[in-house]
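Shown next, in structure tokens, is the structure this report addresses.
First the proteins, then the strands, lettered A, B, ... as listed; each starts at 1.
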There are 2 protein chains.
Amino acid sequence: MTRTEFSVTVDLVLLTIRQAALQVMLVSRGIPPHQGRWALPGGFVHGDEDLGEAAARELREETGLDPRDGYFEQLATYGRPGRDPRGRVVTVAYLALLPDLPTPVAGSDAAGAAWRPVDEVRGDLAFDHDEILADGIERARSKLEYTPLATAFCPPEFTVADLRAVYETVWRVRLDPRNFHRKVTGADGFVEPAGGTVIRDRGRPAQLYRRGPATSLHPPLMREPTRPPDQRPDGRRTS
Amino acid sequence: MTRTEFSVTVDLVLLTIRQAALQVMLVSRGIPPHQGRWALPGGFVHGDEDLGEAAARELREETGLDPRDGYFEQLATYGRPGRDPRGRVVTVAYLALLPDLPTPVAGSDAAGAAWRPVDEVRGDLAFDHDEILADGIERARSKLEYTPLATAFCPPEFTVADLRAVYETVWRVRLDPRNFHRKVTGADGFVEPAGGTVIRDRGRPAQLYRRGPATSLHPPLMREPTRPPDQRPDGRRTS
DNA sequence: TTGCTTTTCGTCGTTATGACGATAATCCCG
DNA sequence: CGGGATTATCGTCATAACGACGAAAAGCAA
């Protein structure tokens, strides 16, 4: 029973919302393998590091961001033989949900790091990063249902409409502003008033909120309605 | 930048329900480190294996079970330096939910493998397996809320009461049999009638069901009530 | 001022839920 | 064979949550 030796890397699925689109941080690979292609930021785990530490270090090195700026959790681990031509490499992927920070890219490691809309990069990534990205997006989607983590995409103070935009962007749905407002302000500990107002574009000024102390949402916000009411005799709308 | 070399193992959190208790499969370690202590079954990933394949192989080798007997998913990965005195070892933990199979333990690898109630082993496991077990139990608990995976703890045909016992055991709560019956039989695709009846101990015979085609539960079964109704001025019941 | 936009508060009918009553179908014990 | 115990299943009721939508509030532009 020979103990195969592995290299272990961490890869980062950094998600944010910019320009009304879900975007992911990618780096253009400057060296083989997959030179010139886009890939998730990441790197090898050092000899004295825990996995989460390595991921946080890579986050700082490649983007200048801090895990505490948003939300950070382990996503999954990928180790298919042949996933990396350099040898047997297992990668532990981490997922981060980040606000749209002013100076997002100031990396040192990566040649070019950039936020890219997830829709424009699907299928083009190096290694098995397409699969990792897809898993990260799905994780983010379901996290929004049962946790208040949508606030991780927002700056410290935000409006209900900002939060709604997060859900609409990540879930690719359109939500009723009135019902959404009721649910968010009614869910215990989801948000709490910050005590100011702001006008985003037009219309009535909106209250500012901060993220509340809740760590889970009861009741959750559901992606699909609790029950497609089983009726749809015609497709008419009430004009 | 020296690429540290790692060993990679898989560890299995195998959960089942036996004798009305949540139990986990453990092996008594026959060799150092941690000789004589209980540990999660697991082993090194071979050179040509994907991680999931290695976990499935260990499952077969150590317990004779098959992943398809129940439910099987990757749990999380643990790689703290020093977690294994043999060197830098990263372990990918897998979680399996299994029915109470007739011949559960027939391992070849492990000296002694046995189902142990999770309450009796908390805090006594080798390596960081206490933490892994705790994460696995918590994952199982939340999976029961949003997925029909409680059926993975049941044999192919089961009664509503069997399913309720799964929830009561895993969540450590007591559920109202009437409301539970309504929710389970009402949730779309959760269970479907198998067309027989059986008497478990006493009382009226129960209908047999099979697991349905649903992969998620809408609406979910919630551990904590949607809202502790905020009122409790007195404790009287209307009698 | 008149419009337009967005936020925020309410209303209404339907569905889901927890508490619990009632009935059905079996076994046990005399 | 009949009553009691036990469990499964169906129903009822009040309340909470939800989707659809009306309407008022509060700003800007013209």
- Message: Please give me every residue in residues 153-174 of chain B whose heavy atoms get under 4.0 Å of an atom in DNA chain C, ordered by residue number.
- Response: none
- Message: Please report the distance, rounded to the nearest Å, between CE in A:Met222 and C1' in C:dA16.
- Response: 11 Å
- Go through the structure and list residues passing side-chain contact (heavy atoms from CB on, under 4.5 Å) with A:Pro177, not counting sequence neighbours. A:Arg164
- Donor-acceptor pair under 3.5 Å: do we get one between A:Arg182's side chain and the base of C:dG10? no
- Task: Tell me which nucleotide among D:dC21, D:dC18, D:dA8 gets nearest to the side chain of A:Pro219.
- Result: D:dC18
- Task: Not counting sequence neighbours, which residues clear side chain to side chain donor-acceptor pair (under 3.5 Å) with B:Asp135? List them please.
- Result: B:Tyr78
- Residue pair A:Trp38, A:Val24: steps toward the side-chain contact (heavy atoms from CB on, under 4.5 Å) verdict: CA-CA 11 Å; A:Trp38 293 98; A:Val24 59; over 6 Å; no
- Item | Separation of atom CG in B:Leu175 from atom P in D:dA8, rounded to whole Å | 13 Å
- Toward the 5' end of DNA chain D, by each residue's nearest nucleotide, A:Pro220 or B:Arg200: B:Arg200
- Message: If the cut-off is 4.0 Å, is A:His181 near the phosphate of C:dT7, judged by side-chain N/O to OP1 or OP2?
- Response: no
- Message: What is the separation between atom CZ on B:Arg178 and atom P on C:dA22, rounded to the nearest whole Å?
- Response: 11 Å
- Take atom NE2 of B:His218 and atom C1' of D:dC18, then tell me their distance rounded to the nearest Å. 15 Å
- Item | Whole-Å distance separating the CG atom of B:Asp176 from the P atom of C:dC20 | 9 Å
- Evaluate the side-chain proximity of A:Pro41 to A:Glu61: yes if any heavy-atom separation is below 4.5 Å, no if none is. no
- Message: Under the rule for side chain to side chain donor-acceptor pair (under 3.5 Å), what residues qualify as partners of A:Asp162, not counting sequence neighbours?
- Response: A:Thr159, A:Arg200
- Item | Gap between atom CG of A:Leu144 and atom CZ of A:Arg139 - 0.5 Å precision | 12.5 Å
- Message: In terms of relative ring orientation, are B:Tyr167 and B:Phe190 parallel, tilted or perpendicular, with 30° and 60° separating the classes?
- Response: perpendicular
- Item | Gap between atoms CG and P, on A:Asn179 and D:dA16 respectively (whole Å) | 18 Å
- Message: Between A:Lys183 and D:dA17, is there a contact of a side-chain N or O with OP1 or OP2 at under 4.0 Å?
- Response: no
- Whole-Å distance, B:Tyr209 OH to D:dA8 P, equals 12 Å
- Item | SB check A:Asp124 A:Arg116 (cutoff 4.0 Å) | no
- Task: Would you give a per-nucleotide map of nucleotides 25-30 of chain D, 5' to 3', where B means the base has a protein non-hydrogen atom under 4.0 Å away, S means only the sugar-phosphate does, and - means neither?
- Result: BBS---
- Write out all pairs satisfying side-chain hydrogen bond (donor to acceptor under 3.5 Å, both in side chains) with one or both partners inside residues 142-155 of chain A, taking only residues at least two apart or from two chains. A:Glu73-A:Lys143
